[in-house]
Protein chains: 2
Amino acid sequence: MEHAPKAIDVTNDVEMRTFNFFTMGIDGHPFGLHLDMAIPTILNNADEEQRKDWLPKAANREFIATYAQTEMGHGTNLKKLETTATYDPKTQEFVLNSPTITSTKWWPGNLGKSSNYAVVMAQLYTQGKCYGAHPFFVQLRDLNTHKPLKGITVGDIGPKFGLTTTDNGFLQFDHVRTPRRSMFMKHAKVLPDGRYVPPVHDKLNYSTMVFIRAAIVSGMAYHLLVTSTIAVRYSAIRRQGEITPGAGEVKVLDYQTQQHRIFPQIARGLAFRLSGQYIMKLYTQTMDDIRNGDISAVPDLHALSCGLKAVTTHHAALGLEQCRMACGGHGYSQASGFPLHYSVAVGACTYEGENMVMLLQTARHLMKMAKAIRSGQSPKSNKIVDYLFQKGPPKCLIDQAYDTNYRNVLESFEHLARRQTLEVYYKLVQLQQQGRSYEQAWNDCAVELCKASRAHVRTFLARTFVEEIDKVSDLSIKSVLQDLLQLYLYYEVTECATGLLEDGFMTGQQLKYAKKKIYEALEKIRPNAVSIVDSFDFHDRDLHSVLGRRDGNVYENLLKWAQSSPLNKTDVLPFHHKYLGKMMEEARQRSKI
Amino acid sequence: MEHAPKAIDVTNDVEMRTFNFFTMGIDGHPFGLHLDMAIPTILNNADEEQRKDWLPKAANREFIATYAQTEMGHGTNLKKLETTATYDPKTQEFVLNSPTITSTKWWPGNLGKSSNYAVVMAQLYTQGKCYGAHPFFVQLRDLNTHKPLKGITVGDIGPKFGLTTTDNGFLQFDHVRTPRRSMFMKHAKVLPDGRYVPPVHDKLNYSTMVFIRAAIVSGMAYHLLVTSTIAVRYSAIRRQGEITPGAGEVKVLDYQTQQHRIFPQIARGLAFRLSGQYIMKLYTQTMDDIRNGDISAVPDLHALSCGLKAVTTHHAALGLEQCRMACGGHGYSQASGFPLHYSVAVGACTYEGENMVMLLQTARHLMKMAKAIRSGQSPKSNKIVDYLFQKGPPKCLIDQAYDTNYRNVLESFEHLARRQTLEVYYKLVQLQQQGRSYEQAWNDCAVELCKASRAHVRTFLARTFVEEIDKVSDLSIKSVLQDLLQLYLYYEVTECATGLLEDGFMTGQQLKYAKKKIYEALEKIRPNAVSIVDSFDFHDRDLHSVLGRRDGNVYENLLKWAQSSPLNKTDVLPFHHKYLGKMMEEARQRSKI
């Protein structure tokens, strides 16, 4: 970490994120949040003077800071945070307080034991009025003794599903005083006399979230590609059963069921990677636009990023488990690496915006689009949503031979997203006409709204995948990527087939065609599968897996791994004779009587 | 465990299994396999004399035995086990040997440290010929010192995804001699001179597997009902967001998306429970039939039990994770209990027959049925498969008002299972006509074969659920159960809608009807949800969950739970000043220079 400034521009959040990803391991680090969240907050929310004071110290690791937003009783809903920061103009200090148990800050990584500072989100009160949640930079522990400062209770929240090396923590304030200037003042301010100065515009918060979610999409790609690497390699080692009688046991990778479990995960991993990169580019571009005062692209991008985060984390979690189960019993051992990867990756379904909430965020935007369509507005020149404004073909054409660049498949996804969006919009209008409030109607349609969001995201992922593969110029690489693309697209067609069939858009024959294309793609990918995952060039260190070792010496090393388990230090456990041994000995004595 | 003989009939495997389930906890026990596998093997495979010798000692716990079948390189495929037991008529002993690394016994629970005996499956060689895998009762460790006997290497296989309290182990034999009579001789025998006496019939092994798989189905019901209890209770405590503006934050259980995540898990849990009980009854009945020489029911039952195991374990795993994620961040904490339940339950997707292998087992039987149908055979009088031989309605009728007892829904499931079975059968025939061998054709159809099996299992689960609810006489209970049944059936309709739509059997309008019935059921269940899960009467000890506590004091106890974490014994970790403290101190010194 000391070398970060030599390797990258530490004030560039994209570079910083990438650097951390490669140096920190996958289940956390004592100053992971310091680098991932606290420094970016200083960069984006501190005013010039604060930045000058805090940034060099942060970069030099004179302190370790974390980001404390979530409370025990309040996750996604920022408005309802209970921690208060009340300004006292007499001393020019804020008084931080945790009025209830549920207001206890809960979950921040590295808060439990490592950090001595935190960015704390608290409801700002001044001159008797609440101005909503604002960030404050607060010292938590003494710099020398590391003991919590007076009025501060802080500790670890205990073991979790994964992320075992991260000290997620809790934090309570009992009327803790902190200087006025500990409030981040780049945007909003509180003047010495207590007057509140609001920020110029509030869209900037959204862009930070877009950044984090784009990073999550790429993270999911990483997890999927890593775990499918393990699964493919092991399936090329493991032999079981015969296909041609007498020809000997085959590699399990030769089974269609095994290919059908693993290969779609490679294809999805690639799709997520390409979309993650694309969204990150859009983010950078949008940040430039914002600096030039143009925030028009933010809503479409923000809405898409929410849904993308939900869909990719959900599919990654399912895919990881399929890769694990495809490795049978050994997949269940920690030696496989899968339990580690799964328990870390699946956290992303929940953090940075719970998936259902995310899908409904996307749906809010889709409903705005539907309203615009109904009122005859023309589309913005924006690749993310403009297909919604267009009229697609009346019937699916995916089995037509002239389908260059999968236009017919993409149009099918677009059709579904458009129809589902408009259908649920009409339903919302109808329910309100029947007397439901907008919010009640919204809740009654929530499951269908989520479906619209998923369809919208599927359209984006597929389009990006097609466009990016189209750009590849090396023909031999392109050919392999096209096999994966074929698998991806037709796999997604079968996944959303109900929606395509139910209005008669697609026929049963066309679905059969899509399935045939899947099985055909599996066969084409099989001979290249090991080379494909080798080409991702993961180091054994990335895989954390005996099963996925590059050298293929699985069984020998599985035995070595087991033998090195602490339980095998002695043949007989030290407490054996005290319990089980005694039990058996006494039983034997009894039976001799 | 000492009290088992007072409470139950320890020679009855159903009673034993139930007793173990309630006394052993969910992630294992040092003599879990002794009770679950070793004693049943003695009961079913030892001859009279062996049984007299071994059973009382086993029941008294004079030794701890486990069941060692799986090898490092060989899981499901029994035929390929590599461990050998070669009979030596000179000394009247078997010589047990592990000829390769992959022949190392791997995974048996309690093998690592606790057991001093094991039932070992090994290839029996006598008079120069191999007779396949047979069970042997082998001493592994010295009764007094507990050290491994000469020629035996045994140890723990290291940490796993879950089951942390079970010492899964490995075992290698280096030409270990064991008396002739250590071979289980109820069925097959080896005479002193080395002659092999084969068993009378070999269907009995199947029935043991039926028993274990029926127990797994009930186990999955348990896990689903436990975790949905936690999710429902917590969702009735947790408040977030407003539905009616100004009316305050609502319980998250009021959100349709939340209901749609959790309630189907309750419904599936019930369906699995009813089917698990039903299959266990069939098993007991079939065992009686076998004793009377009638094995005709075994194939249908065995095939069904394979598919049921695969479907219920898969759906339970998905459902458990949905319950966990429905509880947001706190669901990811070990305090929720979910990580424990998931990591234990999901193991069942792999053990006792990997799920894909299981589905293909069921499919083998379905293909036999398809062949019988095509050759004009009449159905056996057997509720499990006879629907396949019948002609159902040409069109789906699920939106017809006269649908008493969901006859139309069940007929839809039957239609799909029948069609998918016959379609894949024709495909198999067609591929063979095109020159593929049966085995190659089978592999080319494997994914579609699995679909047929799932459809067959769905039909059984739904029919059993409908029939069992029909028997309930208490009308107020019946009414609540019918809401869950409604949700279950229409949820399953939407899950298999692609298959029902693709051949024009169901219309899009009918699918809309099914969805409407789902949302209607969610609304009906909501007010009763807490009472429903309370009625399962789980003890807090079953739940292992702060979130699911019966008393509802979630937040207070979450804080207490966290504070009791070992990391919180001291405010400052003992090694803080050695590493992080030093790093910050040095950085501060540097910046002062």
Side-chain angles (χ1 to χ4, degrees), chain A residues 30 60-62 72 75 77 101-102 107 113-114 146-148 155-161 170 240-241 243 256-257 260 325 328-329 332-334 339 347 349-350 354 356 439 443 446-447 497-498 501-503 508 511 555-556 561-562 565 567-568 571-573 576 580-581 583-584 587-588 591, chain B residues 30 60-62 72 75 77 101-102 107 113-114 146-148 155-161 170 240-241 243 256-257 260 325 328-329 332-334 339 347 349-350 354 356 439 443 446-447 497-498 501-503 508 511 555-556 559 562 565 567-568 571-573 576 580-581 583-584 587-588 591:
Chain A
N60 293 337
R61 292 159 290 115
E62 294 182 31
M72 189 194 265
N77 195 1
I101 282 192
T102 47
W107 272 110
K113 295 288 157 182
S114 316
H146 205 59
K147 295 240 180 206
D156 188 90
I157 62 162
K160 299 139 295 184
F161 197 2
F170 66 83
Q240 188 172 289
I243 293 180
Q256 191 192 49
T257 45
H260 193 254
M325 291 185 217
Y332 190 79
S333 166
Q334 295 277 0
C349 291
T350 304
E354 197 284 317
M356 287 296 151
E439 291 76 13
N443 191 34
V447 172
T498 294
L501 289 164
E502 66 177 326
D503 65 343
L511 178 59
Y555 294 119
E556 200 180 313
W561 187 88
S565 165
L567 282 182
N568 294 327
D571 269 334
V572 180
L573 292 179
H576 171 80
L580 295 178
M583 173 191 84
M584 290 189 275
R588 286 194 293 270
S591 83
Chain B
N60 291 339
R61 292 159 290 114
E62 293 181 32
M72 191 195 261
N77 195 1
I101 284 194
T102 47
W107 271 112
K113 295 290 159 182
S114 315
H146 204 61
K147 295 239 183 208
D156 189 271
I157 61 161
K160 298 139 297 185
F161 197 2
F170 65 84
Q240 187 172 290
I243 294 179
Q256 191 192 52
T257 45
H260 193 255
M325 292 186 215
Y332 190 78
S333 167
Q334 294 276 2
C349 292
T350 304
E354 197 282 318
M356 288 296 151
E439 291 75 13
N443 191 33
V447 172
T498 295
L501 289 164
E502 65 177 325
D503 64 344
L511 178 59
Y555 294 119
E556 200 179 299
L559 185 59
S565 165
L567 282 182
N568 294 326
D571 270 334
V572 180
L573 292 178
H576 171 80
L580 295 178
M583 172 191 84
M584 291 189 275
R588 286 194 295 270
S591 83

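Below, read A as the first sequence line, B as the second, and so on, with proteins coming before strands; counting in each chain starts at 1. The figures that follow rest on heavy atoms only: side chains count, while hydrogens, waters and symmetry mates do not.
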Rounded distance [0.5 Å steps], CE in A:Met584 versus NE2 in B:His146
5.5 Å
Side chain, backbone, both or neither of A:Tyr332 within contact of chain B (heavy atoms, under 4.5 Å):
both
Could you tell me which residues satisfy side chain to side chain contact (heavy atoms under 4.5 Å, CB included) with B:Pro30, sequence neighbours excluded, listed by chain and number?
A:Leu580, B:Ser114
How far apart are the closest heavy atoms of A:Thr350 and B:Met325, and which atoms are they?
OG1-CG, 4.4 Å
Relative to chain B, which segment of A:Leu511 carries a heavy atom at a distance below 4.5 Å: side chain, backbone, both, or neither?
side chain
Among B:Glu556, B:Lys147, B:Gln256, who wins on heavy-atom pairs under 4.5 Å with chain A?
B:Gln256
For a 4.5 angstrom cut-off between non-hydrogen side-chain atoms, does A:Arg588 reach B:Asn60?
no
Between B:Lys113 (side chain) and A:Leu573 (backbone), is there a donor-acceptor pair under 3.5 Å?
no
Answer with side chain, backbone, both or neither: which region of A:His576 has an atom nearer than 4.5 Å to a non-hydrogen atom of chain B?
side chain
Max heavy-atom pairs within cutoff under 4.5 Å with chain A, candidates B:Thr102, B:Asn443, B:Ile243, goes to B:Asn443
What part of A:Pro148 gets closer than 4.5 Å to chain B, counting heavy atoms only: side chain, backbone, both or neither?
side chain
Rounded distance (nearest 0.5 Å) linking atom CG of B:Leu501 with atom CG of A:Leu501:
5.5 Å
Interchain contact, A:Thr498 with chain B, by part (heavy-atom threshold 4.5 Å):
both
